Trainee: 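Sharing a structure with you now.
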Amino acid sequence: MFDQAKWVWMDGRMVPWQDATVHVSSHALHYGTGVFEGIRCYPTAEGPAVFRLEAHVDRLYNSAAAYEIKIPYTKTELTEVICEVIRKNGFENCYIRPICYYGSAMLGLVANRCPLRVAVLAWPWTTMHGSDSLESGVRIMVSRWVKFDSRMMPTTAKACGQYVNSVLAAQEAVSKGFDDALLLDQNGYVTEATGENIFLVKKGEVLTNDSRHSILMGVTRDSAITIARDLGYPVQIRALQVADVLSADEVFMTGTAAEIAVVRAVDDHIVGSGKRGPITAAIQRVFFDAVYGRDPKYHNWLHPVRVAAGKMAVPAVS
Ligand code: PMP
């Protein structure tokens, strides 16, 4: 996975991948004290472009604010760093992972006594669940792990430590032969999958939940809602129950890594016809036209990676 990644940006410098290390006493390693993003860059006719970069950078700063983390760079600077990491590695089709985390100074729980570190990694990536996920679909299970709620942790923040909940659910699902897991909240309502938001299609209507059900407000979720509405499908945002999932005609999951993945079965229940449904297919088609720059209507979702004329590239190579 990381074989072709040569350069990582760390605290203001571009460093070779193998030298991008942190000390074992780092606060984030022990307590998960950090926030991060997962972003994608796609090849387009005008060169590589990052999909919805501004939305991801905004979410990173919001996640940081939820943990009182002060990122020592402006959004514009970090945006340029992200583009520089892609350029420096020579990638077109890649996943980008900015992370802001507490480093080494002490291991008490008041994290902000540690230095804040910032890094941006990137590596080539195509599909998450394999190309099948986009067509024939994946099998998910309802997890026995309950999703934490917003009184326990800021659920709309993408924070390192919060992911142990998803890790438990994902490992359980894969060990039982499923591709992913769907987590319920404490009241039994549907929340989301381990790294994806969930959508149902029922009688021509698109349904999904929101932050009231402990979900990360996905950028792909927002894109899918916009596309569905642009295509003329009514979208209803409401609480979802397991019974809604079982009676849905179509189910799909959205995420930067998973893109728009078809769900063909939930536990031993076959969803709808057991194949990709027509509304999922229509939304997927527009989504992929958007990310690959084939649909001018969504060009404002793409941030070109090329150096803008007259703009200085960010910090020097070590
Ligand atoms: N939920 C969780 C828990 C996630 O980790 C992700 C991936 N970032 C998503 C939903 C989907 O968010 P996005 O579409 O912004 O990638």
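Just so you know, these numbers come straight off a predicted model, no measurement behind them. Any value given below was found using the heavy atoms of this structure, including those in side chains, with hydrogens, waters and symmetry copies removed. Counting convention: from 1, in listed order, for ligands and their atoms alike.
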Trainee: Mind checking whether Ser166 has an N or O less than 3.5 Å away from an N or O of ligand 1?
Mentor: no
Trainee: Looking at Tyr101, does the NZ or CZ of Arg117 lie under 6.0 angstrom from its six-membered ring centre and within 45 degrees of the ring axis?
Mentor: no
Trainee: What protein heavy atom sits nearest atom 12 (O) of ligand 1, and how far off is it?
Mentor: Gly218 CA, 3.3 Å
Trainee: Consider only side-chain N and O atoms of Thr155 and Ser214, and report whether a donor and an acceptor are under 3.5 Å apart.
Mentor: no
Trainee: For atom 14 (O) of ligand 1, what's the nearest protein heavy-atom neighbour? Residue, atom name and distance, please.
Mentor: Thr220 OG1, 2.6 Å
Trainee: Just by distance, no angles: are the side chains of Asp230 and Tyr298 close enough, under 3.5 Å, to form a donor-acceptor pair?
Mentor: yes
Trainee: Could you tell me, atom by atom, which parts of ligand 1 come under 4.0 Å of a heavy atom of Tyr163?
Mentor: 2 (C), 3 (C), 4 (C), 5 (O)
Trainee: So for ligand 1, is Met217 a polar contact partner (N or O within less than 3.5 Å, distance only)?
Mentor: no
Trainee: May I ask you to decide if Gly293's main-chain N or O and His299's side chain share a donor-acceptor pair within less than 3.5 Å?
Mentor: yes
Trainee: Please determine whether any non-hydrogen atom of Thr194 lies less than 4.0 Å from an atom of ligand 1.
Mentor: yes
Trainee: With heavy atoms only and a cut-off of under 4.0 Å, state how Glu196 meets ligand 1: side chain, backbone, both or neither.
Mentor: backbone
Trainee: Please write down residue, atom name and distance for the protein heavy atom closest to atom 6 (C) of ligand 1.
Mentor: Gly195 O, 3.1 Å
Trainee: Can you report which non-hydrogen protein atom sits closest to atom 16 (O) of ligand 1, along with the distance?
Mentor: Thr256 OG1, 2.6 Å
Trainee: Report yes or no: does Lys158 have a heavy atom closer than 4.0 Å to ligand 1?
Mentor: yes
Trainee: Could Lys6 and Trp17 be counted as a cation-pi pair, given that NZ or CZ must be under 6.0 Å from the ring centre and within 45° of the axis?
Mentor: no
Trainee: With a 4.0 Å cut-off on heavy atoms, is Glu37 in contact with ligand 1?
Mentor: no
Trainee: Kindly indicate, with the supporting measurements, whether the criterion side chain to side chain contact (heavy atoms under 4.5 Å, CB included) is fulfilled by Val118 and Leu78.
Mentor: CA-CA 10 Å; Val118 182; Leu78 207 59; 4.1 Å; yes
Trainee: Starting from atom 10 (C) of ligand 1, find the nearest protein heavy-atom neighbour and note its residue, name and distance.
Mentor: Glu192 OE1, 3.3 Å
